Every structure is written in structure tokens, then in C-alpha cells.
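Quick caveat: nothing in here was measured; it's all calculated off a predicted structure. Below, chain A is the first sequence line, B the second, and so on; all start at residue 1.
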Amino acid sequence: MTGYTLYNIGNPSDARYSPKLPGHCKPSKYMPELPEVETVVRTLCPLLVGKRISGVRLERSDILTPTGTDLAGHLLLRTVADISRRGKRIVITLDDGNRFYVHLGMTGRLTFETCDRPIEKHTHLILEVREKEVESAVPFQVRFRDPRRFGGVWWLGRDLSPDDGMGPEPLSLRVSRLKRQLATTGRSIKTALLDQTLIAGLGNIYVDESLFAARIHPLVPANRLTDLQIATLNRAIKGILRKAINHRGSTLRDYRDANGESGGFQLRHKVYDRAGKPCRLCKGEIQRIILGGRSTHYCPNCQAEI
DNA sequence: GTCCATGTTCTTTA
DNA sequence: CTAAAGAACATGGA
């Protein structure tokens with residue numbers, strides 16, 4: 001049985017596939033915004049859909065909401081029918097119609113691995129999956145690991161919806177809807193775009209990049225944008241997200257997705273994490289300010305104040 | 001020891 | 001009352 005190469009789970013010569021040695025485990029910085037979550041969903045989909053869940057290990061019960069849900073009872077011997085994304089949520093649908101979602105928070109990872117790989121610290125949930133119809137099929141594991149535990153697993157069942165509390169999806173957002181959403185608040189456009197109830201999926205990186213692409217200053221009140229600015233912003237958000245997804249997300253340091261591949265969009269960041277560096281358009285100096293408690297990067301020259 | 005970090009939610013303030 | 005600002009959550013890297 002050649003399960004390793006069959007499922008293309010990564011290059012065995014990659015450091016990730018060697019046993020971890022003390023001091024040899026490099027730190028990784030994971031950036032789970034919409035493009036990274038989309039990349040995880042796309043890589044997991046062909047590996048997981050159609051497989052049967054043959055084992056469930058919840059190492060930390062407090063990452064599960066509602067606490068005390070009988071996850072093993074619900075998942076064991078069920079088949080994964082679908083994996084999709086809603087905002088930053090990874091939604092998994094079972095063959096009996098029950099659903100749950102995983103949120104990666106700041107440091108969460110959802111990976112597909114062989115069972116013999118060492119289990120890293122802060123691994124909170126392990127699902128063992130096998131090919132459905134094959135007798136004695138090689139088992140694999142889906143592991144949820146999250147050092148800071150801002151992420152977790154939410155059980156939805158058949159009645160709750162992953163749309164709950166989520167604004168519209170930016171990739172299919174009409175200008176009229178964006179205008180209606182932004183009209184509801186006088187907060188800065190930067191803060192408004194981070195609000196998942198107004199628009200789903202954007203995080204600190206892609207808000208900064210989108211505002212730069214639209215040449216809008218982050219401090220402009222959301223409800224004071226002109227119609228032209230809103231139309232430009234809508235196009236900018238879609239363009240930035242599409243490009244980031246095409247590059248499999250943004251990787252700083254040595255992040256790899258579930259297939260062992262890194263993202264590449266960080267090389268195309270125009271403002272994020274570039275404070276003090278020259279603007280790629282005008283050569284002016286990229287500024288960094290704190291807005292809503294988060295670092296915010298922009299070019300004062302390209303992004304005019306109001 | 002210090003400061004900083006991708007996200008969300010609860011609490012405090014205006 | 002509501003909207004907005006701020007703190008909190010937990011861990012690890014620089």
C-alpha cells in the first residue's frame with residue numbers, strides 16, 4: 001500500500017516529515033484570514049471528503065463549543081460529505097446532515113497527516129479517517145493544533161447555521177450591499193472592515209492591503225466614503241483576496257499548509273509589516289499606527305486623508 | 001524581564 | 001439605551 005504518495009501529503013524529505021528534535025523545530029507564523037482558510041479548505045477537500053471517521057480523540061474539552069458535546073458519539077463511523085468555508089470558519093458537513101466548524105483563531109492549524117508523525121504540543125483534537133469501502137485501509141489523521149487556543153471547534157448539528165453572526169462574503173459582494181454595510185457605522189474604515197458582522201473573512205493583513213489598493217486612508221469614517229471610493233474598495237478587496245488565494249495565502253517564516261506547501265502572497269504585500277520601508281508606488285515611507293488596538297500600515301502619500 | 005503577534009468576545013466608557 | 005473603545009483571553013518568539 002502506497003498511501004503516502006497516493007494522497008500527496010507532502011515531500012518526505014521535508015523537515016516536517018522527520019521526527020522532531022529538540023531545538024530543531026522552527027517557529028511558524030500562521031496567518032489565518034480568508035485566503036489562508038480557503039487554502040486549507042481546498043487542500044483538505046480532496047483528502048477528506050468521502051472518508052469515514054474511525055477515531056476521535058479530544059485532548060482538551062474546552063476547545064469545543066458547546067462544552068460537553070458528545071463529539072465522538074456524533075462523528076464515529078460517519079462519512080465526511082463536504083468541507084467548505086464561511087468567512088474564516090472551516091465548515092465540515094457529515095453524511096447525516098450534521099455540521100460543525102473549526103476556527104483557527106490566531107495560531108490554529110488543521111493538518112492532514114500520517115498516523116506515525118509525532119504529535120506536537122498543543123494538539124487538541126485528532127480525527128482518524130479511513131477510506132470508506134476498503135477493508136484494512138491505511139488510516140490518516142486530521143489534527144487540530146492551536147497553542148493560544150483562540151480557535152476551536154463549534155458543533156452546529158442540523159439546526160444551527162455557520163452563517164450565524166457573519167456578514168456577507170467579500171468575493172460575492174455587490175457594491176450596493178457594501179455601501180449599506182458601511183453606512184451603519186462611523187468607525188474608521190479600517191476597524192469596520194475587521195468587523196466580521198459587517199463583512200466576513202477579512203483580517204488585519206488584507207484590510208491594510210485592500211485599503212492601499214483602493215488608495216483609501218484607514219482613518220476615514222466608514223460612513224463617509226464616497227460612492228466612487230466604495231466601488232473602488234469593493235474591487236480592491238476582491239482583487240487582493242483572489243491574488244492571495246492564487247498564491248495560497250501569506251506565509252511569514254516557515255508556515256506550510258496541509259500539503260506541506262507554503263503561501264507566497266507575503267512577497268506581494270504593499271504595506272503590511274512594511275513600516276519605515278519605501279512605498280512600492282511612490283517611494284514614500286510606509287507608516288504604522290495603532291487603530292482599534294491593531295497595527296495599521298498605510299502610505300500617507302498614496303492614501304490621502306479624507 | 002520587555003513588547004509584539006494573524007482573532008474574537010466580554011467589559012467599560014462616552 | 002447604544003456605539004465605540006478598550007481589555008482580556010494564552011502562548012511563544014524576538
Taking the side chain as every heavy atom from C-beta outward, state whether A/I189 and A/P221 have any pair of such atoms under 4.5 Å apart. no
Would you indicate what A/G151 reaches in the nucleic acid, counting non-hydrogen atoms under 4.0 angstrom: base, sugar-phosphate, or nothing? nothing
Determine the interatomic distance between P on B/dT9 and the same-named atom on C/dC1; round to the nearest Å. 23 Å
Could you state the atom-to-atom distance from NZ of A/K190 to C1' of C/dA4 in whole Å?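 It works out to 17 Å between those atoms.
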For A/S295, which contact category applies under a 4.0 Å heavy-atom criterion: base, sugar-phosphate, or nothing? sugar-phosphate
With the threshold set at 4.0 Å, does a side-chain nitrogen-carboxylate oxygen contact exist between A/R57 and A/E128? no
Strictly below 4.0 Å, N to O, side chains only: are A/R187 and A/D195 in salt-bridge contact? yes
Residue-phosphate contact under 4.0 Å: A/R149 side-chain N/O, C/dT11 OP1/OP2: yes
Any A/S188 side-chain N or O less than 4.0 Å from OP1/OP2 of C/dA5: no
Options B/dT8, B/dT6, C/dT11, nucleotide nearest the side-chain atoms of A/P32: B/dT6
Following the transitive rule for hydrophobic clusters with a side-chain heavy-atom cut-off under 4.5 Å over Ile, Leu, Val, Met, Phe, Trp and Tyr, establish whether A/V207 and A/L173 coincide in one cluster.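 Result: yes, single cluster for both.
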Report the distance from atom CZ of A/F150 to atom C1' of C/dA8, rounded to the nearest whole Å.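 It works out to 8 Å between those atoms.
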Among the nucleotides B/dT6, B/dT8, C/dG12, which one has an atom lying closest to any side-chain atom of A/N204?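 Taking heavy atoms from C-beta onward, the closest nucleotide is B/dT6.
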Which nucleotide sits closest to the side chain of A/P147: C/dT11, C/dA5, B/dT6?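 Selected nucleotide (nearest to the side chain): C/dT11.
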Could you check whether A/G203 gets within reach of a base, just the sugar-phosphate, or nothing at all, counting any heavy atom under 4.0 Å? sugar-phosphate
Within the structure, does a side-chain N or O atom of A/Q196 lie under 4.0 Å from either OP1 or OP2 of B/dG7?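 Result: no.
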Testing the basics here: between A/D208 and A/K190, what is the closest heavy-atom pair and its distance to 0.1 Å?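 Closest approach of A/D208 to A/K190, heavy atoms only: OD1-NZ, 2.7 Å.
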Taking atom P of C/dT11 as reference, at what distance in whole Å does atom NE2 of A/H124 sit? 8 Å
Only Watson-Crick and G-U wobble pairs with both distances less than 3.5 Å should count. Give DNA chain B in dot-bracket notation, marking inter-strand partners with |. .||||.||||||||
Between B/dG7 and A/R89, is there an OP1 or OP2 to side-chain N/O distance shorter than 4.0 Å?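 It does not, given that no N or O in the side chain of A/R89 lies less than 4.0 Å from OP1 or OP2 of B/dG7.
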Identify, between A/H122 and A/T184, the residue whose nearest nucleotide on DNA chain C lies closer to the 5' end. A/T184
Nearest-Å distance for atom pair CZ/C1', residues A/R145 and C/dG12: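 Rounded to whole Å, this separation is 10 Å.
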N or O in side chain of A/Y272 less than 4.0 angstrom from B/dT6 OP1/OP2: yes
Quick one: A/I205 CD1 to B/dA5 P, roughly how many Å, whole number?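 Whole-Å distance recorded here is 11 Å.
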Between C/dT11, B/dA5, B/dG7, spot the one nearest the side chain of A/H103, thanks.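 The listed nucleotide nearest to A/H103's side chain is B/dG7.
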With A/I83, which of A/V91, A/T93, A/V41, A/L47 fulfils side-chain contact (heavy atoms from CB on, under 4.5 Å)?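 Of A/V91, A/T93, A/V41, A/L47, side-chain contact (heavy atoms from CB on, under 4.5 Å) with A/I83 is met by A/V41 alone.
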Using atom P in both nucleotides, what's the gap between C/dA4 and B/dT6 to the nearest angstrom? 22 Å
Has the side chain of A/E285 got a donor or acceptor atom that lies under 3.5 Å from a matching backbone atom of A/C279?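 Absent.
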Does any N or O in the side chain of A/R224 come within less than 3.5 Å of the main-chain N or O of A/V220, such that one atom is a donor and the other an acceptor? no
A/R294, nearest nucleotide to its side chain (from C/dA4, B/dG7, B/dA5): B/dG7
Less than 4.0 angstrom between a side-chain N/O of A/T185 and OP1 or OP2 of C/dA4, yes or no? yes
Rounding to an integer number of Å, can you tell me how far A/R60 CZ sits from C/dT11 C1'? 12 Å
A/F112/A/F140 aromatic ring centres below 6.0 Å: yes
Could you tell me whether the phosphate oxygens of C/dG12, OP1 or OP2, come under 4.0 Å of any side-chain nitrogen or oxygen in A/K121?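 Yes, because at least one side-chain N or O of A/K121 sits under 4.0 Å from OP1 or OP2 of C/dG12.
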For atom CG of A/D273 and atom P of B/dA5, their distance in whole Å: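 Result: 8 Å.
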Just how far, in rounded Å, is P of C/dA4 from CG of A/L194?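 So the CG-P distance, A/L194 to C/dA4, works out to 14 Å.
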